[in-house]
Amino acid sequence: MADDVPSVDAREVTEVLPGVFRVRDTCHVYVICAPSSGGRRTGIAIDFGSGRVLDLLEEMGLDAITDVLMTHHHRDQAQGLPRAAAAGIAVHVPPVEAELFSAVDQMWAAREVGNNYNLRTDRFSLLEPVPISSTVPEYRAATYGGVQVRVLPTPGHTPGSVTYLIQKGRRLAFTGDLIYAPGKVWSLAATQWSYTENEGPTMAVLSCDLLAAEEPDVLLPSHGEVMDPGVAALKLTGDRLLEYVNLRRPEPTRIREKLANPYRALTEHLLVNESSESRSYVLISATGAALMIDYGYDMTTGLPPGHERAARRPWLASLPGLKAHHPVAHVEVALPTHYHDDHVAGMNLLRDVEGTQVWSPANVAPILADPVRYDLPCLWHDPIRSDRVLGIGESFTWHEYEITVHELPGHTLFAAAFEFEVDGVRVLVTGDQQDGQGIPGTTRETRNYQYHNRFRITDYRDSAALYHRVAPGLMITGHWKERWVTEDYLQMLADEAEELVQIHHDLLPLENLDTGADGVFARIEPYRSTVASDEAATYEVWVRNPLREATTAHVAPVLPDGWSAVVPDPITLEPGGTARVPFTITTTGPARYRARIAVDVTVGDLRLGQHAEALVNVC
């Protein structure tokens with residue numbers, strides 16, 4: 001295939017394929033003619049540019065555009081969307097980037113721009129929000145304006161980019177800025193999501209390969225000329241991007257090998273995916289069903305700076321390789337060990353595409369279902385509904401396996417371990433509790449605790465006791481190599497747990513005041529909420545008595561000017577006791593983003609002041 005970029009056709013409107021028009025604008029806007037309906041001639045648009053397409057409908061023989069499908073959020077694709085909204089055109093956007101269309105003002109309000117190491121091009125976004133009608137269904141087909149469209153994630157140019165596949169005589173792929181010409185991309189700078197790393201270009205290699213597997217006949221890029229044949233152009237571009245990535249690495253990346261065969265067997269029926277951000281494990285039934293333990297950022301090439309939705313790409317890139325190399329027909333159930341985003345971000349997508357059910361431990365399910373209620377690190381952005389809630393300390397059956405759910409606080413209070421036997425090996429899945437890499441008598445184990453995860457001083461003592469009771473042959477973790485267990489290793493965990501308890505007692509004033517590990521005595525739930533102006537909303541304060549005697553706790557809401565509250569009555573708490581105290585506030589005034597409320601807390605003679613806060617959006 002020739003390397004040369006095709007010659008440019010300077011016409012403003014070109015029918016590049018029968019029933020497919022290209023409008024030259026700030027990007028190429030493609031218009032696909034819809035089947036005639038009631039004599040009205042309509043079409044849908046892929047991307048929208050400056051909106052110039054609305055001035056050129058007559059040249060395409062159309063009366064209206066009904067829908068716009070955006071490949072990504074960049075301003076050259078999207079700056080005309082206010083015209084689309086004013087014309088009543090439905091706007092559909094990639095799910096990863098929805099907030100960069102509908103709530104982009106929040107990005108502009110919060111985005112770091114000073115000492116900035118986050119170099120994703122999210123600032124090449126709209127200047128003001130536009131209303132959107134829906135997010136497009138990745139890996140599935142939907143009909144827009146009478147045209148059936150299949151959506152494939154193709155991150156690289158941006159984390160959330162998608163390609164649209166349409167069958168119109170031939171298989172057409174509208175690729176956004178994934179590819180410019182055979183072997184070329186529109187921008188390498190856009191793919192450098194972080195300071196000096198290669199997440200974007202490496203993702204683009206995978207995207208080229210996965211799109212090529214769809215066997216598109218023709219590629220229609222946002223910049224550049226139509227490419228026919230399409231598969232060869234993608235393969236050349238993927239090859240060159242991989243060469244580019246390897247120039248910046250001390251040794252060649254194995255990303256294509258991982259894509260082709262991402263799962264390694266620990267036993268015949270237990271697999272590990274080492275290419276995910278946190279390790280996913282697959283338990284295989286003789287029925288062909290698979291049970292996935294944790295499923296966050298699949299086939300990742302690294303996480304760029306920023307934790308907003310548009311920086312995080314869930315996708316199902318490893319599933320074709322799983323099914324090609326192992327006796328797996330479908331992923332039937334997913335089990336989260338804990339709520340952290342790198343362990344659960346892909347579960348909604350698994351449910352939507354594979355029909356996977358999410359079965360969650362009882363101490364994890366509430367966090368997944370209502371993340372905005374909690375002030376916790378590493379929350380996934382979207383609620384995850386649990387199809388089944390698993391009792392702590394109870395066992396359940398999945399096909400031929402019996403699985404026991406154990407409480408496993410430490411890394412986070414909201415975590416569980418799963419115990420089962422497979423291929424004659426007793427396995428314990430411990431999530432992120434510890435790294436499992438310590439060597440008795442040589443190197444220490446890393447205990448992976450974080451105080452804001454609600455770590456408690458005796459958690460690792462309790463988990464060491466659990467390990468002794470279960471006596472697993474194999475322990476598998478969230479991020480580290482599997483551990484074939486010896487008695488010496490279990491004893492090392494027990495000894496180090498006691499050291500951890502002792503150092504906390506040495507450092508904290510626990511003999512006088514039960515501060516706990518995190519020193520938190522009150523919290524407001526929900527931590528984040530949205531309420532209408534001049535309407536009442538109810539909150540709860542969780543409050544704990546750190547004193548050695550029973551006492552009375554007073555909780556007083558602290559509100560913005562003009563807001564009002566019903567002050568809760570004092571409550572009596574036993575030594576170390578806790579209670580939940582409801583209170584109601586009424587907002588007033590204009591819309592506000594993240595208004596702050598607090599509670600002033602006094603427990604006995606311990607004045608804690610404005611000990612807990614919460615954030616309220618007023619609409």
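Residue numbers count from 1 along this sequence. Every heavy atom of this structure was used, including side-chain atoms; hydrogens, water molecules and symmetry mates were not.
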Students often mix this up, so state it plainly: with edges at 30° and 60°, are the rings of F101 and H73 parallel, tilted or perpendicular? perpendicular

Determine whether the side chains of W359 and Q357 contain a donor N or O and an acceptor N or O closer than 3.5 Å. yes

Determine whether the side chains of Q77 and S222 contain a donor N or O and an acceptor N or O closer than 3.5 Å. yes

I'd like a table of donor-acceptor pairs (distance under 3.5 Å, sequence neighbours excluded) in which one partner is a side-chain atom from residues 64-72, with atom names and distances.
unit_1, atom_1, unit_2, atom_2, d
D67, OD1, G145, N, 3.3
D67, OD2, H92, NE2, 2.7
T71, OG1, D47, OD1, 3.2
T71, OG1, D47, OD2, 2.9
H72, NE2, D177, OD2, 3.3

Quick one, E535 with T586, criterion side-chain hydrogen bond (donor to acceptor under 3.5 Å, both in side chains). Give me CA distance, side-chain angles, the key distance, then yes/no. CA-CA 5 Å; E535 289 192 2; T586 301; over 6 Å; no

Before accepting this row, confirm whether a basic side-chain N of the pair R351/D387 lies closer than 4.0 Å to the acidic partner's carboxylate O. yes

Side chain of S278, backbone of D342: donor and acceptor closer than 3.5 Å? yes

Could you note down all residue pairs passing side-chain hydrogen bond (donor to acceptor under 3.5 Å, both in side chains) where residues 93-102 supplies at least one of them, sequence neighbours left out? E97-T158

S386: what forms a side-chain hydrogen bond (donor to acceptor under 3.5 Å, both in side chains) with it, not counting sequence neighbours? S360

Tell me, please, which residues at least two apart from F174 pass ring pair (Phe, Tyr, Trp, His ring centres under 6.0 Å). Y30

Whether D209 and K235 form a salt bridge (side-chain N of Lys/Arg under 4.0 Å from carboxylate O of Asp/Glu) is what I want to check. no

Under a plain distance cut-off of 3.5 Å, with no hydrogens placed, do E613 and Y527 share a side-chain donor-acceptor pair? yes

With R41, which residues qualify under salt bridge (charged side-chain N to carboxylate O under 4.0 Å, His left out), at least two apart? D63

Taking 4.0 angstrom as the limit, do R313 and D298 come out as a salt bridge? no

For D105, all residues meeting salt bridge (charged side-chain N to carboxylate O under 4.0 Å, His left out), sequence neighbours excluded: none

Could you tell me whether a side-chain N or O of H381 sits under 3.5 Å from a main-chain N or O of H307, the two making a donor and an acceptor? yes

Before accepting this row, confirm whether a basic side-chain N of the pair R24/E225 lies closer than 4.0 Å to the acidic partner's carboxylate O. yes

S207 vs T154, side-chain hydrogen bond (donor to acceptor under 3.5 Å, both in side chains): CA-CA, chis, key distance, verdict: CA-CA 5 Å; S207 293; T154 46; 5.3 Å; no

So, Y139 side chain and L316 main chain: donor-acceptor pair closer than 3.5 Å or not? yes

For R592, check salt bridge (charged side-chain N to carboxylate O under 4.0 Å, His left out) against everything at least two apart and list the hits. none

For W186, check ring pair (Phe, Tyr, Trp, His ring centres under 6.0 Å) against everything at least two apart and list the hits. Y180, H223

Got a sec, which residues hit salt bridge (charged side-chain N to carboxylate O under 4.0 Å, His left out) with E354, two or more places apart in sequence or on another chain? K323

With P305 via side-chain contact (heavy atoms from CB on, under 4.5 Å) - residues at least two apart: N118, S194

Please determine if D294 and R279 form a salt bridge, counting it only when a charged side-chain N lies under 4.0 Å from a carboxylate O. no

Heavy-atom side-chain contact between K258 and E274 under 4.5 Å: no

Ring pair (Phe, Tyr, Trp, His ring centres under 6.0 Å) partners of H330, counting only residues at least two apart: none

Under 3.5 Å, side chain of T300 to main-chain N/O of G302, donor-acceptor pair present? yes

Assess whether atom CD of E128 is packed by more than 12 heavy atoms of other residues, nucleotides or ligands within 6.0 Å. no

Between R52 and E12, does any side-chain N to carboxylate O distance fall below 4.0 Å? yes

Give, for atom OG1 of T42 and atom CD1 of I32, the distance between the pair rounded to the nearest 0.5 Å. 11.5 Å

Pairs of donor and acceptor atoms involving the side chains of residues 365-374, under 3.5 Å and at least two apart or interchain, shall be tabulated with distances.
unit_1, atom_1, unit_2, atom_2, d
R373, NE, E525, OE1, 3.2
R373, NH2, E540, OE1, 3.1

Hey, does the side chain of R140 reach the backbone of E138 with a donor-acceptor pair shorter than 3.5 angstrom? yes

Closer than 4.0 angstrom, basic N to acidic O: yes or no for E214 and R171? yes

Check whether H28 reaches the backbone of G224 with its side chain - one donor and one acceptor, N or O, closer than 3.5 Å. yes

